[in-house]
Amino acid sequence: MELRVPRRRGAQEPVASFLRDPNTGRIYRRGRLLGTGAFGRCYKLTDMSTNRVFALKVVPRGRLSGLDQWGKRGPPSRRQVEREIELHSQLRHRNVVGFHGHFADRDNVYLVLEYCSRKSLAHVLKARKTLTEPEVRYYLRGIVAGLQYLHQQGIIHRDLKLSNFFITKNMEVKVGDLGLATKVGPGGHCHGGLCGTPNYLAPEVVSRKGHSFRSDIWALGCIMYTALTGFPPFKASPLPEMYRNIRDAHYPVPAHLSPNARRLIARLLAPNPADRPSLDQVLEDDFFTQGFTPDQLPPRSCHTAPIFTIPQPL
Ligand SMILES: CC[C@@H]1C(=O)N(C)c2cnc(-c3ccc[nH]3)nc2N1C1CCCC1
């Protein structure tokens, strides 16, 4: 008979130092706290038999059953975490965060994910303030590849943002956090109730017409704008003004952007979803075809602007 000490409201059970995945028998050692998200805590995790390192996402069950013991709705519902596992466990692509397993015990649900030692594009932008256009082409190329794969699997991400683009030791960019993702319905749209607030809301989402693949394309426009300028296109307060700006696609166009960058941002931030380019058309845009894209980025570009020696045609 285990004595469970009732914990302070909202307190979470400490995560054990060693965890065993009953599905595979693998034993992991829990490492340092990597951070916390809306869902719970994340830790570095080492597989004791292979010494491979992973990122562990811990979602407390106490808050999963929809309403917790105080009748409050916990942030992630059980259904949402189960959807995340159901969707993410089927995926395998070099630009999508690797999913390496999941299991649960009395207190938590555990997701074993790919360790991305350079954290996310949000961290890079925080250190750099803005990115150069070649770097934006480099990162967008990886993000678009990962997103093409998700869309081909019928999945809309619905929460594309800088902190969901993870960067590995060798500077590969990986789309992650499928906590708000969903399989698209027959018409290519989904009206599934959205619990959790995506970061870059598209006009059709603001006017509650539901998400489609093109809502993810709108988010790419917000991401490109933010990476090049250092601030998001729609960040007004009060909220109703921000929603009006989104619906009218009204955003300040910084003069220092190249004409190609301004034109692609305008195409991505088209108020009407049907006017936005497909992912293939994004890669065919002048911004990509008429600009230099490095094959790889030096790790120091995470904190210092890189100098590209662009190969000139002989
Ligand atoms: C595990 C959750 C999330 C994530 O989904 N991944 C893939 C990830 C990978 N490496 C890292 C990571 C490696 C070194 C630092 N962070 N972090 C990841 N996170 C962060 C943790 C805190 C907030 C989101």
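Position 1 is the first residue of the sequence; numbering continues from there. Just follow the structure's listing: the first ligand is 1, and inside any ligand the first atom is 1.
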Does the pair R118/E172 count as a salt bridge with the N-to-O cut at 4.0 Å?
no

Heavy atoms only: give me the nearest L228-I265 pair and the separation to one decimal.
CD1-CD1, 4.4 Å

Do side-chain atoms of N23 reach the backbone of H102 as a donor and acceptor pair under 3.5 angstrom?
yes

Can you list everything that forms a salt bridge (charged side-chain N to carboxylate O under 4.0 Å, His left out) with R262? Sequence neighbours excluded, please.
none

Measure from every N or O atom of ligand 1 to the protein's N or O atoms and keep only the pairs below 3.5 Å, writing each with atom names and distance to 0.1 Å.
| from | atom 1 | to | atom 2 | distance (Å) |
| --- | --- | --- | --- | --- |
| ligand 1 | 10 (N) | C116 | N | 3.0 |

Between R26 and D47, is there a side-chain N and carboxylate O pair less than 4.0 Å apart?
yes

Can you name the nearest heavy-atom pair linking M242 to F234, along with the distance?
SD-O, 3.5 Å

